[in-house]
Structure formats: C-alpha cells, structure tokens
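Keep in mind the model is a prediction, meaning the values are calculated, not measured.
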Number of protein chains: 2
Amino acid sequence: MEFNEAKAQFIQTWGKLGSEWGINRTMAQVHAILLISPKAMSAEEIMNELSISRGNANMNIRDLINWNLVHKELIPGDRKEYFTAEKDIWEVARRIIKERKKREMEPVLKVINQLKTIEGDQQTAEIKEFSSMINQLDTFVGKMDKSVNLLLNENENKLFSILFKLMS
Amino acid sequence: MEFNEAKAQFIQTWGKLGSEWGINRTMAQVHAILLISPKAMSAEEIMNELSISRGNANMNIRDLINWNLVHKELIPGDRKEYFTAEKDIWEVARRIIKERKKREMEPVLKVINQLKTIEGDQQTAEIKEFSSMINQLDTFVGKMDKSVNLLLNENENKLFSILFKLMS
DNA sequence: TTAAACTTTCAGTAATTATTGAAAGTTTGT
DNA sequence: ACAAACTTTCAATAATTACTGAAAGTTTAA
C-alpha cells in the first residue's frame with residue numbers, strides 16, 4: 001500500500017469513527033492528521049491538507065484543545081501558531097474518557113439523583129417500575145463512575161495487566 | 001417531584017445522552033419509555049407517548065430489536081405486537097458494548113491491520129511517524145478488544161468486585 | 001377469498017448540524 | 001500610532017440526518 005493512500009484511509013477511518021461516536025467528523029480528521037504528523041502544524045497546513053475553510057479549521061482546532069488532545073506550540077521568531085497532538089494513545093484515551101465523563105456522565109448522575117426524590121406515597125405499577133429502574137441506574141452509574149475514576153489513575157501497563165490477570 | 005415530570009425528564013435525559021453518543025435521539029427515547037414501563041407496549045402506545053409518527057416509531061423499534069435491547073411479545077388473542085425492553089442494566093450495557101464493538105471497533109481493527117502493510121523501503125519522517133502511530137494503535141486496540149471480550153463474559157458483581165479489589 | 005387489522009417502506013420534507021468566508025478582533029514590530 | 005500578520009466570530013448556506021404520512025405489504029379469521 002502506498003503511503004498517501006494509507007494516510008488518506010487513516011484520516012477517513014478516524015473521521016468515521018468519530019462521527020459514529022457523536023464527534024464532529026472534521027474534528028476527528030484534524031486529530032488524525034496531527035496524530036501522524038512528525039512536526040507541529042499551522043492552521044494553514046491543516047486547512048490545506050483537509051480542504052476545509054479557515055473558520056472550520058480554527059473552530060475544530062480549538063475544540064481539540066478544549067478536549068486537551070492538542071496543544072499550541074509557539075516557534076520563536078514565527079508569528080503563526082502551530083499545533084501538536086498528544087501521541088501516547090493511552091493518554092489520548094484517558095483524556096477522551098475523562099472529558100466525556102465530565103460532560104455527559106456527570107450531568108446524568110445529577111438527574112438520576114433528582115429523580116430518586118419522586119414522591120412514594122401512591123404506589124401504582126408505573127411508579128414502582130420507574131423507581132426500580134432509577135435505583136438500578138443509580139447503583140450502576142455510581143459503580144461505573146467509581147471504576148472509571150480508578151481506571152483513569154492507572155497507567156496502561158498496570159491497567160491491562162490487572163484486567164488480564166484477574167479475568168483468567 | 002411529581003411522577004409525570006420525573007418521567008418526562010428521564011425520557012429527555014436518556015434521549016440527550018443517546019444523541020451525544022451518536023444514537024438517534026428518538027431511538028433512545030423509545031428505549032427509555034420501555035425501560036420504565038411495567039408492561040409490554042404496542043407501537044400505538046409508544047407513538048402516542050412520544051408524539052411521533054407510526055413510521056418513525058416502527059423504524060426505531062426495529063432498530064432497538066436489532067440492538068438486542070427490545071423484543072417482541074405476543075399476547076394471545078391480540079393481533080398487535082407488543083414490545084418490552086431488557087430491564088437488567090448490566091445486561092443492557094453488555095449488549096450495547098457488544099454491538100458497538102461489532103459495528104465500530106472491528107472495522108477499525110481491520111483497517112489498522114491493512115495500514116500496517118505500508119511499504120517501509122523509503123523512510124521519510126512522515127512515514128516513520130505514521131508507522132509508529134499505526135503500531136501503537138494496533139497494540140492498543142488489540143488489548144482493548146481482548147479486555148472487552150473478557151469483561152463481557154463476567155457478570156456485574158464479579159466485574160465490579162474485580163475492578164474495586166485490584167485498584168486499591 | 002375477502003377484508004379487517006395490523007406492519008413496513010420510502011419519497012418528500014423538516015430539523016439539525018456543520019461549513020464557509022468575509023468582517024471584526026488581536027497581537028506584534030517599528 | 002500604524003499596519004501587517006495573524007486569529008476569531010458568526011450570519012448565511014450547505015450537508016446531513018431524522019421524520020412524516022400515505023401507500024404497499026402482510027397476516028389472520030371467518
């Protein structure tokens with residue numbers, strides 16, 4: 001397989017995966033490009049590489065920075081901003097998990113906690129089923145939250161060795 | 001909090017969570033309704049509850065069945081089809097993980113494997129960086145795949161007890 | 001075999017989400 | 001203080017994704 005073909009396919013695949021998981025396809029593609037770039041890239045280079053507009057490039061780079069997956073790199077004597085991606089894949093995964101947990105899991109936890117306070121005086125079948133499901137979710141999401149916190153504090157080797165060892 | 005309010009908020013929250021994770025909002029809402037319903041529901045009831053069209057209800061119910069989260073239930077002497085959701089939350093999570101792994105992780109694994117076959121004769125910085133990233137991904141995704149397989153075979157109690165015990 | 005009762009499909013439309021590009025904003029060097 | 005070099009914003013537009021509703025399809029009972 002030729003390099004440019006491989007590169008294009010990698011960018012495509014990463015973008016598709018992102019969009020299937022609710023992440024803007026272009027953002028994922030920008031991330032892909034930076035992941036395989038041996039050097040920091042300017043917004044200019046990124047927009048050319050992906051054939052996207054300046055505005056689009058800018059916004060998606062900012063988003064990646066907010067996700068803590070990309071950071072600015074200033075080259076002395078150059079007024080442009082350059083960008084590089086975190087290259088350690090376990091670190092990438094850790095940051096994505098951390099961010100999604102914060103953005104999506106925590107609000108759900110909050111709602112579930114509110115929904116536990118539903119009045120329990122009348123006990124129709126509907127209300128019983130509802131309460132039971134909320135309690136199940138509360139327990140489950142709580143455990144998940146705790147597990148994810150633990151996982152996030154482990155390094156890759158420790159993590160996988162734990163997983164493999166204990167489920168034999 | 002009043003029951004109907006709580007119910008509405010639950011359906012909303014579940015729908016929002018779904019859409020953030022690349023799942024059709026309506027599909028997630030149908031799932032939410034079935035999760036808290038004490039009895040099997042007809043397409044009719046579901047479309048009324050959510051104010052959606054028959055076609056929409058039908059398609060999303062089918063999708064939920066394809067995800068193995070909902071199943072048909074036939075009531076003797078009634079020609080309508082009724083639907084119920086799997087109510088055990090760990091089982092729900094397990095099925096979602098299984099399905100997403102099959103649909104999204106496995107294709108990515110396949111692509112990564114192809115991308116390993118890039119010609120290595122010329123060694124520009126670009127090609128070296130690309131190969132290194134692909135190799136990292138290959139290792140990581142492979143380990144993840146193995147871990148998920150192991151996790152999917154455990155029951156909830158075993159799983160969390162393992163996680164909690166080992167990361168102390 | 002017919003028709004009622006139901007389910008499925010899908011072309012057209014609506015809603016949502018992403019992108020462009022030009023104008024406004026910012027920073028830096030002189 | 002100015003202007004060049006750059007970044008950011010955002011209203012208009014495009015692209016994508018989801019939904020409707022009516023027609024077609026299927027199943028069942030008599």
Side-chain angles (χ1 to χ4, degrees), chain A residues 11-34 40-67 70-84 100 103-104, chain B residues 11-34 40-67 70-84 100 103-104:
Chain A
I11 294 169
Q12 275 314 104
T13 303
W14 208 247
K16 179 153 169 285
L17 186 64
S19 72
E20 284 166 344
W21 285 77
I23 284 162
N24 180 317
R25 173 155 71 254
T26 302
M27 172 170 152
Q29 288 178 335
V30 172
H31 188 216
I33 277 196
L34 288 173
M41 292 175 79
S42 66
E44 198 82 12
E45 292 172 302
I46 291 168
M47 52 186 276
N48 289 337
E49 190 95 35
L50 291 177
S51 306
I52 59 176
S53 72
R54 184 172 300 286
N56 195 8
N58 183 270
M59 290 174 84
N60 285 114
I61 292 168
R62 290 313 125 189
D63 279 353
L64 284 164
I65 291 173
N66 290 336
W67 277 73
V70 163
H71 61 273
K72 237 181 267 199
E73 199 154 287
L74 294 174
I75 296 182
D78 192 335
R79 284 178 63 174
K80 274 206 205 71
E81 293 178 341
Y82 289 83
F83 305 96
T84 46
R100 295 205 82 142
R103 295 185 189 198
E104 290 140 19
Chain B
I11 293 169
Q12 277 313 105
T13 303
W14 208 247
K16 179 153 169 284
L17 186 63
S19 73
E20 284 167 341
W21 286 77
I23 284 162
N24 180 317
R25 173 155 75 251
T26 303
M27 172 171 155
Q29 288 178 335
V30 171
H31 189 216
I33 278 195
L34 288 173
M41 292 177 79
S42 64
E44 198 82 13
E45 291 172 303
I46 291 168
M47 52 187 275
N48 289 337
E49 190 95 35
L50 291 176
S51 306
I52 59 176
S53 72
R54 184 172 299 286
N56 195 9
N58 182 269
M59 290 175 83
N60 284 113
I61 292 168
R62 292 311 125 185
D63 278 354
L64 284 165
I65 291 174
N66 289 337
W67 277 73
V70 162
H71 60 274
K72 238 182 264 199
E73 198 153 291
L74 294 174
I75 296 182
D78 192 335
R79 286 178 59 173
K80 275 204 202 75
E81 293 178 341
Y82 290 82
F83 305 97
T84 46
R100 296 205 82 144
R103 295 185 189 197
E104 291 141 17

Worked check of side chain to side chain contact (heavy atoms under 4.5 Å, CB included) between A:Gln12 and A:Gln29: CA-CA 7 Å; A:Gln12 275 314 104; A:Gln29 288 178 335; 3.3 Å; yes

Nearest-Å distance for atom pair [atom1]/[atom2], residues [X] and [N]:
| X | N | atom1 | atom2 | value |
| --- | --- | --- | --- | --- |
| A:Gln29 | C:dA18 | CD | C1' | 12 Å |
| B:Glu44 | C:dA5 | CD | C1' | 11 Å |
| B:Leu64 | C:dT7 | CG | P | 16 Å |
| A:Ile52 | D:dT13 | CD1 | P | 21 Å |
| A:Asn60 | D:dT9 | CG | C1' | 14 Å |
| A:Phe83 | D:dC6 | CZ | C1' | 11 Å |
| A:Met27 | D:dT16 | CE | P | 19 Å |
| A:Asp78 | D:dC6 | CG | P | 7 Å |

Smallest separation among heavy atoms of A:Glu49 and A:Ile33, with atom names: CG-CD1, 3.0 Å

Nearest-nucleotide pick for B:Glu81, side chain only, options being D:dT7, C:dT8, C:dT20: C:dT8

Selection from D:dA18, C:dT19, D:dT8 that lies nearest to any side-chain heavy atom of A:Thr26: C:dT19

Any side-chain heavy-atom pair of A:His71 and A:Ile65 under 4.5 Å: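 They are not in contact (no side-chain heavy atoms under 4.5 Å apart), so the answer is no.
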
Residue mapping more 5' on DNA chain C - nearest nucleotide basis, B:Lys80 or A:Gly22: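 Its nearest nucleotide lies further toward 5', so the answer is B:Lys80.
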
Along DNA chain C (nearest heavy atom to each residue), the more 5'-positioned of B:Ala43 and B:Met59: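 Checking each residue's closest nucleotide, the 5'-ward one belongs to B:Ala43.
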
side-chain N/O B:Arg62 vs C:dT8 OP1/OP2, d < 4.0 Å: yes

Under-4.0 Å side-chain N/O to phosphate OP1/OP2 contact, B:Arg54 with D:dT20: no

Interatomic spacing from CE in A:Met59 to CE in A:Met27 - rounded to 0.5 Å: 12.0 Å

Sugar-phosphate, base or nothing in reach of B:Asn56, heavy atoms under 4.0 Å: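 Here B:Asn56 touches the bases of the nucleic acid.
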
Sugar-phosphate, base or nothing in reach of B:Asn58, heavy atoms under 4.0 Å: base

Parallel, tilted or perpendicular: rings of B:Trp21 and A:Trp21 (30°, 60°): perpendicular

Most 5' of A:Tyr82 and B:Ile23 on DNA chain D, judged by nearest nucleotide: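 That would be A:Tyr82.
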
Quiz item: B:Arg79 side-chain donor-acceptor pair to D:dT27 base, under 3.5 Å: yes

